[in-house]
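Have a look at the structure below before the remarks.
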Amino acid sequence: MAELSTIARPYAKAAFQTAVEGEALSDWSDMLNLTAQVVVDDTMLLALGNPGLTAAQQAAIFVDVCGDKLSEKGQNFICTLSENKRLSLLPQIAEQFEAFKAELQRSVDVDITSAFDLSEDQTQKLAQALKAKLNRDVNVTSTTDKALVGGLIIRAGDVVIDGSIRGKLAKLAESLNS
């Protein structure tokens, strides 16, 4: 998948720069997320895979499906992707765009997995601690996984903090086996 990310990066950067210059980060984010969903639809995959359609026809179909949710610049972006046979990269482009947006806005999505349901107060305290540690605004989502036995696993971008009992037992077993 690294290759797809590499190919998608210049398109994501171009979309991001256009969004920043036009002060339309939110609009572009919405457009890219919509197009990322449309491109993986089974019916759309059939249409895009039709060898009888030109790039312009594929782009026109795509733009028609998205309707008025695409701005003129968004439509031009879709046409450019279609001309270069890169429409299938829209999920990776949207993902990278969101990463650029989060970096600009100094925010990060944090996923907390715990062995037990966290109260709102516990979630808020964790969010405040992570905000101070990461020096960014945090958007917290939490899930429960009984297999952890106890503790937490915190994922914030590339950072993973494994404070679960299961993780500690695995480390102990690894050190005993070496």
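Taking Ile, Leu, Val, Met, Phe, Trp and Tyr as members and joining any whose side-chain heavy atoms lie under 4.5 Å apart, directly or through other members, the hydrophobic cluster of Val160 also contains Leu148, Ile153. The hydrophobic cluster containing Val110 also includes Val108, Ile112, Leu118, Leu126, Leu130, Leu134, Val138, Val140, Leu152, Ile154, Val159, Ile161, under a criterion of side-chain heavy atoms closer than 4.5 Å among ILVMFWY residues, counted directly or through chains of members.
The ring-ring contact (aromatic ring centres under 6.0 Å, His included) pairs that include a residue from residues 101-151 number zero, where partners must be two or more places apart or lie in different chains. Within the structure, the side-chain hydrogen bond (donor to acceptor under 3.5 Å, both in side chains) test picks out no pair touching residues 10-24 (sequence neighbours left out). Within the structure, the side-chain hydrogen bond (donor to acceptor under 3.5 Å, both in side chains) test picks out no pair touching residues 58-70 (sequence neighbours left out). Each ring-ring contact (aromatic ring centres under 6.0 Å, His included) pair with one or both residues in residues 117-141, not counting sequence neighbours, would appear here, but there are none.
Taking Ser29 as the reference, Asn33, Phe97, Glu98, Lys101 meet the side chain to side chain contact (heavy atoms under 4.5 Å, CB included) condition, with sequence neighbours excluded. Qualifying side chain to side chain contact (heavy atoms under 4.5 Å, CB included) partners for Gln124, counting only residues two or more places apart in sequence or in other chains: Glu120, Ala127. Residues meeting the side chain to side chain contact (heavy atoms under 4.5 Å, CB included) test with Ala24, sequence neighbours left out: Asp27, Trp28. Annotation: side chain to side chain donor-acceptor pair (under 3.5 Å) contacts of Ser175 (sequence neighbours excluded): none. The side chain to side chain contact (heavy atoms under 4.5 Å, CB included) check on Asn76 picks up Glu72, with sequence neighbours excluded.
Side-chain polar atoms of Thr113 and Asp145 form no donor-acceptor pair below 3.5 angstrom.
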Distance-only criterion, 3.5 Å: show the donor-acceptor pairs between side-chain atoms of residues 39-56 and protein atoms not counting sequence neighbours.
| from | atom 1 | to | atom 2 | distance (Å) |
| --- | --- | --- | --- | --- |
| Asp41 | OD2 | Thr43 | N | 3.1 |
| Asp41 | OD2 | Met44 | N | 3.3 |
| Asn50 | OD1 | Gly52 | N | 2.8 |
| Thr54 | OG1 | Gln57 | N | 3.1 |
| Thr54 | OG1 | Gln57 | OE1 | 3.4 |

